[in-house]
Protein chains: 2
Amino acid sequence: MVDRSDQRLDAIFHALADPTRRAILGMLAQREHAIGELAPAFPISGVAVSKHVRTLEAAGLVTRRVRGRSHLCRLDPVALLEAHRWLGGYQRFWSERLDALEALLEEMKREPDGR
Amino acid sequence: MVDRSDQRLDAIFHALADPTRRAILGMLAQREHAIGELAPAFPISGVAVSKHVRTLEAAGLVTRRVRGRSHLCRLDPVALLEAHRWLGGYQRFWSERLDALEALLEEMKREPDGR
DNA sequence: TTGACATTAAACCATATGGTTTTACAAAAA
DNA sequence: TTTTTGTAAAACCATATGGTTTAATGTCAA
């Protein structure tokens, strides 16, 4: 019952569950960065940042291309989309709530005295 | 730089990074369940399931009401919505890709010989 | 009141995680 | 060629995690 897509979601959500890794994604959302450019933004060693990048890469959230001694990292949106779609499967739960709220507001507009 | 909403996302994504916990959410998406009803669905002890539920509860993904000796668990969509919205912040990355693909397909429709 | 039931608490264990420092290596610069 | 630079690999450490088993607790049923 634990299939491949399960394991992929495990890796994606686990990768997203760390604030440093989310911040790295945020930087990569601006533009491609070498690991050495990412590292100074964090209060941890470059080695630690490198390991975070590897985790993101393993989860499919980041791709890397090596140019000389620099490893250029780029956001890969596909994994983010996967997670987004999985969560979207629950959308009806919150939109039901929003619908209820909306209906209530509508009601209030039609009967402003709250009758 | 690690504020409250950061920690909330940590907890939410961490809670989602486990297949048992995601399966529990799946069951709760059907209807409210007592912990004792959830447990037989998994090949682990009831104690372990109880701890998973606590993790989900701590992340705000599940609420619990106690009725006699049963603890009734219900999905709380708000935390899921939070995660969904965070991911939605990256939507432009995959929609850009989809837009490009769409444009390409449009092009192919207009010039079916691939010129 | 006694006993069964649903759940939590506590103690424990193996492994995973996020960090460190040190070592290694390939590429660019001197 | 030698040195410096960017990154990974390896070894290590403390703590977190997901599981177990064994009490402890409160609630329903005989």
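Each chain gets a letter, A, B and so on, in the order its sequence line appears, and its residues count up from 1.
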Using whole Å, what does the distance between atom C1' of nucleotide dA6(C) and atom NE2 of His33(B) come to? 16 Å

Just by distance, no angles: are the side chains of His84(B) and His84(A) close enough, under 3.5 Å, to form a donor-acceptor pair? yes

Atom CZ of Arg21(B) and atom C1' of dT17(D): how far apart are they, to the nearest Å? 9 Å

Residue-phosphate contact under 4.0 Å: His14(B) side-chain N/O, dG18(D) OP1/OP2: yes

Side-chain heavy-atom pair Tyr90(B), Leu25(A) within 4.5 angstrom cut-off: yes

Nearest-Å distance for atom pair CG/C1', residues Asp10(A) and dT17(D): 14 Å

Given protein heavy atoms under 4.0 Å, the one-letter contact record of nucleotides 19-27 of chain D, with B base, S sugar-phosphate only and - none, is simply BBBB---BB

Separation of atom CD in Gln7(B) from atom P in dA16(D), rounded to whole Å: 14 Å

Rounding to an integer number of Å, can you tell me how far Glu37(B) CD sits from dA6(C) C1'? 12 Å

Within-4.5 Å side-chain heavy-atom neighbours: Leu80(B) and Leu16(B): yes

Whole-Å distance separating the CZ atom of Arg22(B) from the P atom of dG18(D): 12 Å

Would you say Ser95(B)'s side chain and Gln91(B)'s backbone share a donor-acceptor pair under 3.5 angstrom? yes

How long is the line joining NE2 of His71(B) and P of dA9(C), in whole Å? 9 Å

Whole-Å distance separating the CG atom of Leu16(B) from the P atom of dT17(D): 15 Å

Any chain of hydrophobic side-chain contacts (each under 4.5 Å) joining Val62(A) to Leu72(A)? no

